[in-house]
Amino acid sequence: MTPSTPPFTPQPTLWSTEDMARRAAREIAAGSIVNLGIGLPTQVADYLPEGHAWLHSENGLLGIGPFPYEGDEDPNLINAGKQTITVVPGGATFDSASSFAMIRGGHVDLAILGAMQVSATGDLANWAVPGGKVMGIGGAMDLASGCRHVIAMMQHVTKKQEHKLVRACDYPLTAARVVSLVVTDLGVFAPTGDGFRVVELAPGVTRDYAQARTGAPLS
Amino acid sequence: MTPSTPPFTPQPTLWSTEDMARRAAREIAAGSIVNLGIGLPTQVADYLPEGHAWLHSENGLLGIGPFPYEGDEDPNLINAGKQTITVVPGGATFDSASSFAMIRGGHVDLAILGAMQVSATGDLANWAVPGGKVMGIGGAMDLASGCRHVIAMMQHVTKKQEHKLVRACDYPLTAARVVSLVVTDLGVFAPTGDGFRVVELAPGVTRDYAQARTGAPLS
Amino acid sequence: MTTGRHANKVVASVAEALAPIKDGMTILVGGFGLSGNPEALIRGVIERGVRDLTVVSNNAGNLGKGLALWLRAGIVRKVICSYIGNNEDLHTRRASGEITVEITPQGTLAERMRAAGAGIPAFFTPTGAGTVVENGKETREIDGRRYLLERALPGDVALVRARTADRFGNLRFWRTARNFNPVMATAARLTIVECDQLVDLGAIDPDDVHLSGIHVHRIVHVPEHENAFEYRTVRKRA
Amino acid sequence: MTTGRHANKVVASVAEALAPIKDGMTILVGGFGLSGNPEALIRGVIERGVRDLTVVSNNAGNLGKGLALWLRAGIVRKVICSYIGNNEDLHTRRASGEITVEITPQGTLAERMRAAGAGIPAFFTPTGAGTVVENGKETREIDGRRYLLERALPGDVALVRARTADRFGNLRFWRTARNFNPVMATAARLTIVECDQLVDLGAIDPDDVHLSGIHVHRIVHVPEHENAFEYRTVRKRA
């Protein structure tokens, strides 16, 4: 051992996106209605037992099935991310006004949505970066404010190591006081109003490690 | 001829309800969407050529056909008057919210409604008699205020010879400024704002005869 | 992992389906006149022995049938409807003061429940402008026309009649028996469906579902119905 | 006797169907991404040579297809949509100022058109409360929750894609190609439908109609469509 060698510090094993999707899937009650947002949340479906929950797609379908077998793709059967999908037995199609009536009316039990920032009060920012290209709102605001529960999924910090779990969002809000749980690569956190409660940490992630990467007190 | 015999005065031939229905039917354009109110207006359908217009029933059907043949009655296929009916080819069923969205949204071209009073400004009173038993509103207010045109059908005066075409309704209103034409047993009259324009008179009905039975100036 | 409210909806009996109904609740009951009535659920509520109900229904029964059974059983405190007509059971109890009756234009009744189901707390409507329906309501002129502000009308429970249900509660209705049933199903916290036919998942094509099972919470299969006539109008065969 | 607007709706060509479209109109165009697009009507509007259009569409095209053709043709003055995403044709013209883009939450976009079709001039909604969507809008607290007042969004013309139409314009849609098509059909003064299949009256059971022909004014039969994919996601066969 040379003097220049630093003392051994075990490195935490951060959750992969697969780990995050698997963990988020555990929050889904059997026989519930769930909307999985575009991107990472869509992967949560891979970790749900067949027939476990009913997946809602805001473009007009309840009962999303797996991707079609090659050759069976139908460009007029897609999810909100415009990916080709299938319908499970018991699925139903409807128009956009009815679909968002379901969302706004509180009939969707849970939305799992990608996020840019989540505040200690549960505010969600996931649709626009200040000064960035405007991509639009899509169904994000309706889902965030309308679904009975909202889980946010995101990397714990930005690529520039900026906090994303914060006291107050400085990105434009999607909806205020809606997020009940945040799943990140560091673990699972619940907004408490003045900080975040640590629900679970990824293997080897210490509370100090997580606190250093969180913009509000952990409890 | 004895002195006591009065000079001969020809008696007018007032229109029967069948005459009124036949006359009202002439106001219906080919290929239009029409809602016929409960009671007398329902009879207007008898004078429409097959396929001439699309009859809307606010309980959830567009495309009312004739009464069913004996033995074919279905208690779950009825019009707004709860009479058993049939559906024409090309008819469609829908729920009450959609049905009234059609009415309120101006998609029904014409409503022909029974009336108690019609004012010179086109106000319609057809749902309640002051001091009388409250029967309810049903679809009357939606139809009167939502349909693109409204024709009222009624006897020209009450059984007590009171005026029903009046300057201003003293019965509770169904909707204000909506009636464009009134078909009575004396003829056809159009509200002008300060009176009624005589469009047509039943055989032998003179203008003086009609004026004596009308509570606003005829023109 | 907990179980959500959309698991195992099919129950074995009307009594089990109605177990959550309590005194004083607001119950939305599908049907237009006697068509499309959830007949067994209506009878079951009386057997359950609850009272002081607020009932939302277009007609609240007729000819002593349908919801007239509730009126006669004395379990109704208030009726919100659009039309009384010749429903003498309601006229009598309104006159005696036993039941409060709130009369609403039929389209406004439907739209208030549609709003409740769609997360819309209030909306402007032209229906009733310039009439007694305005009384006590906010009015506003928009683009030169007069409108009333109407509030959403949610229910604690909806009782719904469907022709066909699958085990998730996807529903199909028959002809004009559809009427208020689907919109009421969307407007209640708990929707209980009485279906003529119960089918397996997948038996109804996704495009043929009239109302998604997202709006349904309990299903009871009732094969036999009276389906009473009000006016049996016919024509002679040629 | 005059002829109403529901007689003889089937026209022989896209050009004839689009004849009433004029410069400066507000056009509602069905589709979600590239699914359920009225492809022939979209191309036809360019051939017709109108301009200064306001377009209401969830995405206003993508990948150079669908309504991106209108953007490239320079006939659009304003877009009301919910999502731009990777629609570079829209990003470019928004950045240059050629096109004004009004972004609305998707559910609010749908509900504003539903309101227009249903005779509701304005409604309160929770979507967007506490966000930039509030800017310039009336807000109100109702039963302890904050809401915005949103206005109806009517169109001069709606361009709609249906799977099946009968000669009165009763429509059926296919899977998620339904999306905004039915609600847009209700919200325009003139609704023009492009259908894959045209059938006789009575070929669709009354209970199987998705949208009544009361909302349809012109029908053109277009058997062939591109039906472009955006993301062709598949799984391998076992």
Side-chain angles (χ1 to χ4, degrees), chain B residues 23-35 47-58 60-65 74 76-77 85-110 141-149 175, chain D residues 1-10 111-123 152-155 158 162 164-172 182-191 198-219:
Chain B
R23 180 59 186 80
R26 281 176 46 204
E27 298 296 324
I28 298 177
S32 59
I33 313 278
V34 185
N35 187 296
Y47 302 96
L48 292 173
E50 196 179 317
H52 180 78
W54 294 89
L55 301 181
H56 180 270
S57 194
E58 64 264 32
L61 172 66
L62 182 61
I64 304 177
D74 178 348
N76 285 318
L77 178 51
I85 52 168
T86 56
V87 190
V88 298
T93 49
F94 30 81
D95 71 290
S96 299
S98 302
S99 185
F100 281 91
M102 293 173 186
I103 293 168
R104 203 189 310 101
H107 304 287
V108 176
D109 296 312
L110 174 66
M141 287 189 182
D142 295 282
L143 287 164
S145 65
C147 297
R148 293 158 76 100
H149 300 283
Chain D
M1 210 177 278
T2 57
T3 299
R5 57 186 180 147
H6 289 279
N8 311 319
K9 300 185 192 182
V10 178
E111 189 67 11
R112 290 177 66 198
M113 290 187 281
R114 194 269 170 192
I120 304 294
F123 58 91
L153 178 58
T164 307
D166 71 18
R167 290 173 178 279
F168 177 57
N170 288 309
L171 304 184
R172 281 182 58 86
V183 71
M184 285 177 166
T186 70
R189 274 192 289 277
L190 178 79
T191 294
L198 180 65
V199 299
D200 284 335
L201 294 183
I204 309 175
D205 184 273
D207 291 343
D208 288 339
V209 171
H210 289 159
L211 184 80
S212 163
I214 195 173
H215 298 297
V216 172
H217 307 101
R218 290 182 176 221
I219 304 160

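Here is how names work: the chains are called A, B, and so on, in the same order as the sequence lines, proteins then strands, and each is numbered from 1. Quantities reported herein were computed from a predicted structural model and do not represent experimental measurements.
In this view, D/D166 and D/N170 satisfy the side chain to side chain donor-acceptor pair (under 3.5 Å) rule, not counting sequence neighbours.
Aromatic ring pairs are classed by plane angle as parallel below 30°, tilted from 30° to 60° and perpendicular above 60°; the pair B/H107 and D/H215 is perpendicular.
By number of non-hydrogen pairs under 4.5 angstrom with chain B, the leading residue of D/V199, D/N8, D/D207 is D/D207. The greatest number of non-hydrogen atom pairs below 4.5 Å with chain B, out of D/A7, D/A118, D/G202, is found for D/A118.
With a threshold of 4.5 angstrom between heavy atoms, D/R114 approaches chain B through side-chain atoms but not through N, CA, C or O.
When every heavy atom of B/G90 is checked against every heavy atom of D/F168, the shortest pair comes out as O-CD2, 4.1 Å.
Once rounded to the nearest 0.5 Å, the distance linking CD1 of D/I214 with CD1 of B/I33 reads 4.5 Å.
A donor-acceptor pair is defined here as one N or O able to donate and one able to accept, closer than 3.5 Å; no such pair exists between the side chain of D/H6 and the backbone of B/A53.
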